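Treat the numbers as computed from the prediction; the structure is a model and nothing was measured. Naming convention: chains lettered A, B, ... in sequence-line order (proteins, then strands); numbering from 1 in each chain.
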Number of protein chains: 2
Amino acid sequence: MKLKSFKGMNCSLAQTLNIVGERWSLLIIRDISFGTTHFDEIQKSLGVARNMLSTRLKQLTEAGILRKEADDAGRSQYKLTDKGWDLMPVLLSMTHWGDKHVPDEAGDRVVFVDQKTGRPIQPMGIHDADGSRINYYDIKPEFGPALRR
Amino acid sequence: MKLKSFKGMNCSLAQTLNIVGERWSLLIIRDISFGTTHFDEIQKSLGVARNMLSTRLKQLTEAGILRKEADDAGRSQYKLTDKGWDLMPVLLSMTHWGDKHVPDEAGDRVVFVDQKTGRPIQPMGIHDADGSRINYYDIKPEFGPALRR
DNA sequence: CAGTATCCTACGTGATACTG
DNA sequence: CAGTATCACGTAGGATACTG
């Protein structure tokens with residue numbers, strides 16, 4: 001009676017959830033994207049159990065999202081691969097949603113800014129082929145070849 | 001030895017995960033956004049256990065993401081609230097990531113298109129305050145008031 | 001059709017001690 | 001510091017039957 005894997009679901013969302021859908025995965029990825037790259041650092045930062053962290057790091061490395069390497073001092077550290085950095089839109093979308101819908105009375109928590117200008121980036125949103133921002137009710141799903149049989 | 005809640009974490013990402021981080025939640029939300037709004041429809045579509053679906057629907061409704069109402073025939077159905085629709089960027093980001101990194105040999109699965117033009121939307125990405133697309137290495141996090149103490 | 005009600009299991013998670 | 005090794009636990013998740 002194993003957990004049902006989403007692998008057979010032929011749905012990109014399910015595939016993604018299958019890889020980064022565990023409770024801690026995205027938080028670990030966020031920490032590493034912030035430069036918290038050592039085991040103990042991450043462990044303290046998140047308060048996650050050591051064995052869980054170990055398991056997740058291994059799994060994410062196998063999935064090609066993280067890369068394990070030695071830092072200048074010879075200590076192990078984890079870095080995001082390009083595949084891992086590609087998750088930034090996911091992290092940012094969730095962060096923006098939390099900012100808006102589960103705010104802190106004290107104000108913003110983390111703001112992502114453009115390094116050049118220092119101005120905050122736009123909240124994550126949908127853009128049409130020309131780059132104009134559009135609304136969720138302006139789009140519709142269409143089934144591609146993989147779903148037409 | 002309960003599961004550690006992310007509530008105290010003062011992190012928007014954790015807050016979001018606390019609400020939609022369960023394995024099935026985002027898949028249920030996607031189904032409903034596609035117009036699969038009845039209990040049995042969702043259940044068959046996802047193959048999720050009925051009691052799990054029941055629990056999740058209740059939880060998401062309480063969280064203000066879903067709204068339960070009767071359709072024209074008097075049957076119960078679930079709809080996304082505005083708060084729920086605000087999760088579209090999350091769903092789309094994950095879907096696009098899956099498209100790219102866990103592709104199907106048969107080609108695309110679901111493509112989201114602009115209703116007006118029929119052209120696919122842009123893959124979800126980061127945009128600066130002017131609306132220009134920028135890269136993940138062009139941004140940096142800054143700590144807001146809620147984290148400065 | 002839209003759930004509830006049971007019963008069951010294994011996985012995700014946690015605490016802590018230990019090792020090179 | 002970077003894990004591994006145990007041991008324990010609860011809950012998410014699953015199968016199925018039942019009800020209005």
Would you say B:Asp86 and A:His96 are linked by a side-chain donor-acceptor pair, where the criterion is simply a distance under 3.5 Å? no
Rounding to a whole Å, what distance do you find between A:Leu46:CG and C:dA15:P? 14 Å
Here the distance between atom P of C:dG12 and atom CG of A:Leu60, to the nearest Å, is 13 Å
Side-chain N,O (A:Lys58) to OP1/OP2 (D:dA2) below 4.0 Å: no
Here the distance between atom C1' of D:dG13 and atom CG of B:Leu53, to the nearest Å, is 12 Å
Is the backbone of A:Thr37 close enough, under 3.5 Å, to the side chain of A:Glu41 for a donor and an acceptor to pair up by distance? yes
Donor-acceptor contact present, side-chain A:Thr61 to main-chain A:Arg67, <3.5 Å: no
Within this structure, what is the CG-to-C1' distance between B:Leu17 and C:dG12, rounded to whole angstrom? 15 Å
Any-strand Watson-Crick or G-U partner of D:dG20, both distances under 3.5 Å: C:dC1
Contact under 4.0 Å: B:Ser54 side-chain N or O vs C:dT4 OP1/OP2: yes
With under 30° as parallel and over 60° as perpendicular, where do the rings of A:Phe143 and B:Phe34 fit, or are they tilted in between? perpendicular
Rounded distance (Å) that lies between atom P of D:dT11 and atom CZ of B:Arg23: 18 Å
Whole angstrom is fine here: how far is it from CG in A:Asp40 over to P in C:dT19? 18 Å
For B:Met52 and A:Asp71, take the nucleotide of DNA chain D holding the closest heavy atom to each; which residue's nucleotide lies nearer the 5' end? A:Asp71
What's the closest nucleotide to the side chain of B:Lys68 if the choices are C:dG3, D:dA2, C:dT13? C:dG3
Return yes if a side-chain donor-acceptor contact under 3.5 Å exists between A:Arg109 and B:Ser12, otherwise no. yes
Choosing from D:dC1, D:dA2, C:dC1, which nucleotide comes nearest the side chain of A:Ser76? D:dA2
B:Ala49 has its side chain closest, among C:dG14, D:dG14, C:dG3, to D:dG14
OP1 or OP2 of D:dT11 versus the side-chain N and O atoms of B:Trp24: is any pair under 4.0 Å? no
Taking atom C1' of C:dC18 as reference, at what distance in whole Å does atom CZ of A:Phe39 sit? 14 Å
Need one value for B:Glu22: base, sugar-phosphate or nothing, where a base atom within 4.0 Å counts as base even if backbone is also close, heavy atoms only. sugar-phosphate
Using a distance-only criterion (donor-acceptor N/O pair, under 3.5 Å, no hydrogens), is the base of D:dG13 paired with the side chain of B:Asn51? no
Looking at A:Ser93 and A:Pro89, would you say the former's side chain and the latter's main chain have a donor-acceptor pair under 3.5 Å? yes
Less than 3.5 Å between a donor and an acceptor, one on the side chain of A:Arg50 and one on the base of D:dG3, is that the case here? yes
Does the side chain of A:Tyr78 get closer than 4.0 angstrom to OP1 or OP2 of D:dC1 through an N or O atom? no
Over how many whole Å does the gap from A:Gln59 atom CD to D:dG3 atom C1' extend? 17 Å
Choosing from C:dT13, D:dG14, D:dA12, which nucleotide comes nearest the side chain of B:Val48? D:dG14
